[in-house]
Every structure is written in structure tokens, then in C-alpha cells.
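Accompanying notes for the structure given below.
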There are 2 protein chains.
Amino acid sequence: MKTLIKEPLTRNAKNTFNMIIESAIDLFYKNGYHGTTVNNITQDAGIAAGTFYLYFPSKLSLYKHILIMFSHNIRKTIAANVSEKTSRYEKEREGIKSFIMLAKENPQMYNIIWESLYIDRALFKDYYESFANRYIRGLDQSVSNKEIREIDTEVVSYILMGITNFIGLKVVLNLGKNNDDIDHIVDVVMDLIKHGLFT
Amino acid sequence: MKTLIKEPLTRNAKNTFNMIIESAIDLFYKNGYHGTTVNNITQDAGIAAGTFYLYFPSKLSLYKHILIMFSHNIRKTIAANVSEKTSRYEKEREGIKSFIMLAKENPQMYNIIWESLYIDRALFKDYYESFANRYIRGLDQSVSNKEIREIDTEVVSYILMGITNFIGLKVVLNLGKNNDDIDHIVDVVMDLIKHGLFT
DNA sequence: TCATAAACTGAATGACCATTCATTTTATAT
DNA sequence: ATATAAAATGAATGGTCATTCAGTTTATGA
């Protein structure tokens with residue numbers, strides 16, 4: 001793969017580089033990848049069309065760069081918050097809550113990551129498989145600790161990612177009602193995970 | 001909204017109409033909506049480009065028509081299978097399994113529905129909100145029956161949709177391992193929903 | 001101050017693609 | 001057999017858009 005970006009060298013260039021990224025995040029979110037032209041991005045960033053290609057070899061490479069940024073960001077944020085908790089229950093609660101808060105604060109992130117399924121399927125698969133693998137490792141450890149019951153942790157990791165993602169979707173797109181009280185939503189999730197659904 | 005389609009009248013025309021839809025489903029799945037041209041579709045269907053516009057006023061209207069077809073199909077299939085079961089537990093199991101089997105057999109369905117988020121956000125919101133509303137109604141009834149604990153059924157409906165969708169995603173995209181034994185996967189889901197995750 | 005490299009410009013290019021329409025072919029009903 | 005409506009054709013149109021490039025401006029360091 002060709003290099004994704006050409007690093008800006010000077011202070012001014014770094015600034016231009018960042019403005020391109022910020023405009024792109026905003027426009028990809030609002031109008032989607034295909035609904036956003038390179039000229040839209042450069043106009044929004046207040047630069048000439050050609051300047052774009054000083055830093056990114058193509059529109060796709062910019063998209064990939066943004067995806068990788070988000071991916072790092074999510075992992076770092078969640079890992080930092082989760083590591084402060086000790087019990088598996090608290091770790092799980094914190095992981096779910098961190099993700100939903102992140103999604104709520106950066107709705108762009110959410111949309112852009114999912115869209116990768118329609119831009120570069122391999123990228124999407126990679127993203128979720130590596131996310132799942134980290135999850136599985138944590139769950140396996142908790143099974144050893146006897147904090148979690150003996151259960152297929154691979155399937156469980158997709159179950160938990162599914163819950164978190166759809167709750168995030170609900171909050172970000174404001175599906176249904178009551179999307180402001182994140183703590184209540186997380187409580188419901190934890191209640192179900194702890195006690196099950198049935199009487 | 002302009003009408004989505006112009007109904008074909010004769011036997012031959014119905015055939016042409018169906019070939020357009022089949023080719024489109026296949027190509028939208030393989031290359032995405034934006035990666036598929038109307039000429040791709042007509043070539044695959046073995047007809048002239050102009051013929052397309054006898055039945056669909058635009059590429060988007062074809063996409064919407066397909067989405068509505070799938071939506072009906074999913075609801076009808078799941079509703080039929082679920083109605084054969086009596087207990088909430090069995091209904092839930094059947095609903096999850098039916099969806100995953102459907103997704104496995106029609107991986108196109110899956111991809112095309114999610115892509116609506118990037119083609120027409122209102123369509124996507126509509127799809128999931130109305131799906132959730134049906135789910136909520138069923139859950140509320142089971143709460144009345146005392147088959148399900150007192151719990152926020154709206155949040156629960158998104159939790160369950162999230163689980164089903166991500167498990168479906170895993171199976172369809174073959175994420176991770178062990179994606180052939182659907183019964184085992186459904187067992188894990190039901191185990192978690194019944195007994196919770198923790199010791 | 002001057003030379004050099006880095007940044008930047010924006011009009012032009014060429015490929016792509018949804019949609020149209022004048023014309024032809026096919027099926028049907030009397 | 002003939003008239004009529006329906007179905008089908010496919011080249012042409014017009015607009016969009018990623019990308020290029022020849023030329024200009026700005027910053028830096030000796």
C-alpha cells in the first residue's frame with residue numbers, strides 16, 4: 001500500500017493538514033463519503049483544491065487516515081477508563097459507558113467507522129476482529145478469575161459489541177425516546193447482563 | 001414522493017422487472033450502491049440501459065424498492081416462525097435464530113439494509129424505529145405476563161437488536177471462528193440472556 | 001540579502017455515469 | 001390480418017468530480 005499521507009513539515013503546513021482533516025470529518029459525517037467531494041473539503045478548509053494533494057495521495061487515503069485516528073482514539077480512551085476499575089463488572093460498565101459517551105460526543109466517529117463496510121470491506125473486518133480479539137482476551141482472563149461464568153467468550157464479545165453499538169446508535173441518531181439519561185441506559189444494560197431478561 | 005416503480009404489465013415485462021432486481025441485489029452487495037452503475041445492472045440483467053427506466057424512475061428508487069422488499073420479507077419470516085412458539089423464552093430464541101439464518105442465506109439483505117444509513121438516513125431510522133416498536137410491544141406483553149422482569153423495554157429492544165445484528169454480522173462476514181454452528185451460537189446468546197454473564 | 005525548498009494556487013483535464021429519447025420490435029385483441 | 005399499446009433499444013447528452021500541473025508565493029537559513 002502507498003503511504004497514506006505525506007507529513008507536513010512546517011507549523012503552517014501542520015495547520016493546513018489539520019484543517020483538511022477537520023473539514024473532512026465534518027463533511028463525511030454530514031453527507032457521507034460519496035456525498036463529499038474533494039472540492040467540498042478544500043473549500044470548507046479554505047484552501048485550494050491542489051493543496052489537498054500535497055498531503056494526501058487520494059480521497060480514499062484521507063478516509064483511511066481518519067479511520068485509523070478514530071480507532072486509536074477509541075481504544076486509548078476506553079482502555080484508560082477501564083484500567084481504573086478493578087472488578088469485571090465495573091470494567092464492563094465503564095467500557096460500555098465510555099463508548100457511548102464517546103459516540104455521543106463524536107457522532108462523526110460512529111458513522112465514519114460503520115461506513116467503512118461500504119468503502120473498504122477489509123478495513124471494516126480488520127477493525128472489528130481486532131477489537132473483538134482484545135475483548136476476548138479480557139473476558140478469558142475474567143473467566144480464569146471466576147468473575148465470569150464458563151462461556152464461549154468469542155460469541156460473548158460480539159454480543160457485547162452488538163449491545164454497545166446499537167445502544168450507541170440509538171443515542172447518536174436519537175432513535176426512540178429517552179436518549180439523554182446515559183446512566184439510566186447503562187444501568188438497564190448492566191441489569192440485563194447481570195440478572196438476565198426473564199423472571 | 002414520486003412512485004417508486006412502474007408496475008410491469010405483461011408476463012415478459014414482469015420477468016425483465018425481476019431480472020433488474022436480482023442483478024441489482026447481487027451487484028449492490030458485491031460493489032455497494034455507489035460502486036454499482038445503472039449500466040452494470042442492465043448489462044448483468046441482459047437488457048438495454050433505457051429499459052431500466054421503464055420500471056424505475058431512478059437508481060435510488062430501485063434501491064428503496066429493494067429495501068422495502070427485504071423489510072417485508074424479514075418481518076413476515078420472523079413473525080411466522082415466532083408465532084409458532086408459546087413461551088417468551090422460545091419466542092426470543094426463535095426470533096434470534098430466524099434472523100441469523102435469514103442473514104446467512106441472504107447476506108445481500110444484511111449489507112443493503114445497513115447501507116441505507118449512508119444513502120438515506122431517514123430510511124434507516126424508520127427501519128429500525130419501526131422494528132423496535134414491534135419488539136417493544138411484544139416485550140411489554142411479556143412483562144404483563146410476568147414472563148419478563150420489570151425493565152425498560154425500549155432499551156432492551158435495542159440491546160436485543162444489537163446482539164442479533166452483530167452476531168449476524170459475525171456469521172455473514174465470517175468474523176473470528178466457528179461461524180457454522182448456528183445452534184451453538186444461539187445457545188450462547190440464550191444462555192447469557194437467561195443467566196447473565198457473571199458468576 | 002539572496003538562494004532554495006516548501007507551500008500553495010486554481011483552472012484545466014479526462015474519465016465516469018445517470019438519464020433521455022427517437023426509433024424499432026413484440027405482443028395482444030378484435 | 002391489422003391496429004394499437006407495451007416493451008425494448010442504445011447512442012447521445014450533460015453534469016459531476018478526482019486529480020494534475022505549470023506557475024506563484026512564502027518561509028528559512030546562511
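Side chains included, hydrogens not; waters and symmetry mates left out as well; all remaining heavy atoms used.
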To the nearest angstrom, how far is [X] atom [atom1] from [N] atom [atom2]?
{"X": "A:F56", "N": "C:dA7", "atom1": "CZ", "atom2": "P", "answer": "13 Å"}
{"X": "A:L54", "N": "D:dT19", "atom1": "CG", "atom2": "C1'", "answer": "13 Å"}
{"X": "B:I47", "N": "D:dA6", "atom1": "CD1", "atom2": "P", "answer": "19 Å"}
{"X": "A:K59", "N": "D:dT16", "atom1": "NZ", "atom2": "P", "answer": "15 Å"}
{"X": "B:Y63", "N": "C:dA18", "atom1": "OH", "atom2": "P", "answer": "16 Å"}
{"X": "B:L62", "N": "C:dT19", "atom1": "CG", "atom2": "P", "answer": "11 Å"}
{"X": "A:L9", "N": "C:dA5", "atom1": "CG", "atom2": "P", "answer": "14 Å"}
{"X": "A:F17", "N": "C:dC8", "atom1": "CZ", "atom2": "P", "answer": "12 Å"}

(Q) I want to check one thing: is the phosphate of C:dC8, taken as OP1 and OP2, less than 4.0 Å away from some side-chain N or O of A:Y55? (A)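 A:Y55 to C:dC8 OP1/OP2: side-chain N or O found under 4.0 Å.
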Q. Does B:S58 put a side-chain nitrogen or oxygen below 4.0 Å from OP1 or OP2 of C:dA18?
A.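 For C:dA18, OP1/OP2 do not have a side-chain N/O of B:S58 under 4.0 Å.
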Q. Which residue pairs satisfy the side-chain hydrogen bond (donor to acceptor under 3.5 Å, both in side chains) criterion with at least one member in residues 69-78 of chain B, sequence neighbours excluded?
A.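 Those involving residues 69-78 of chain B are B:R75-B:S130.
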Q: Go through the structure and list residues passing salt bridge (charged side-chain N to carboxylate O under 4.0 Å, His left out) with B:D140, not counting sequence neighbours.
A: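 Salt bridge (charged side-chain N to carboxylate O under 4.0 Å, His left out) check on B:D140 returns nothing, list empty.
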Q | Contact state string [nucleotides 22-30 of chain D, B base, S sugar-phosphate only, - no protein heavy atom under 4.0 Å] | A | -----S---
Q) Do A:E154 and B:K170 meet the salt-bridge criterion of a basic N to acidic O distance under 4.0 Å? A)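 Here B:K170 pairs with A:E154 in a salt bridge, since their nearest N and O are under 4.0 Å apart.
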Q: Provide the full list of ring pair (Phe, Tyr, Trp, His ring centres under 6.0 Å) pairs with a residue in residues 155-192 of chain A, sequence neighbours left out, each pair given once.
A: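 For residues 155-192 of chain A, and leaving out neighbouring residues, the ring pair (Phe, Tyr, Trp, His ring centres under 6.0 Å) pairs sorted by first residue read A:F166-B:Y128.
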Q) To the nearest 0.5 Å, how far apart are OH in A:Y63 and CD1 in A:I66? A)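 CD1 of A:I66 is found 9.0 Å from OH of A:Y63.
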(Q) So if I take residues 22-42 of chain B and measure heavy-atom distances to DNA chain D, which residues fall below 4.0 Å? (A)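 Residues of residues 22-42 of chain B under 4.0 Å from DNA chain D: none.
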Q: Evaluate whether atom CD of A:E90 has more than 12 neighbouring non-hydrogen atoms of other residues, nucleotides or ligands under 6.0 angstrom away.
A: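 Enclosed.
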Q. Do A:S23 and A:D26 pass the side-chain hydrogen bond (donor to acceptor under 3.5 Å, both in side chains) test, and can you show the C-alpha distance, the side-chain angles, and the key distance before you say yes or no?
A. CA-CA 5 Å; A:S23 294; A:D26 198 51; over 6 Å; no
(Q) If you assign each of B:K14 and B:A49 to its closest nucleotide in DNA chain D, which residue comes earlier from the 5' end? (A)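 Closer to the 5' end of DNA chain D: B:K14.
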Could you list the donor-acceptor pairs under 3.5 angstrom formed between side-chain atoms of residues 103-113 of chain B and any protein atom two or more places apart in sequence or on another chain?
unit_1, atom_1, unit_2, atom_2, d
B:Y110, OH, B:N165, O, 2.1
B:Y110, OH, B:L169, N, 3.2
B:N111, ND2, B:P107, O, 3.4

Q) For residues B:N81 and B:S98, is any side-chain donor paired with an opposing acceptor at under 3.5 Å? A)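 Distance-only check passes for B:N81 and B:S98.
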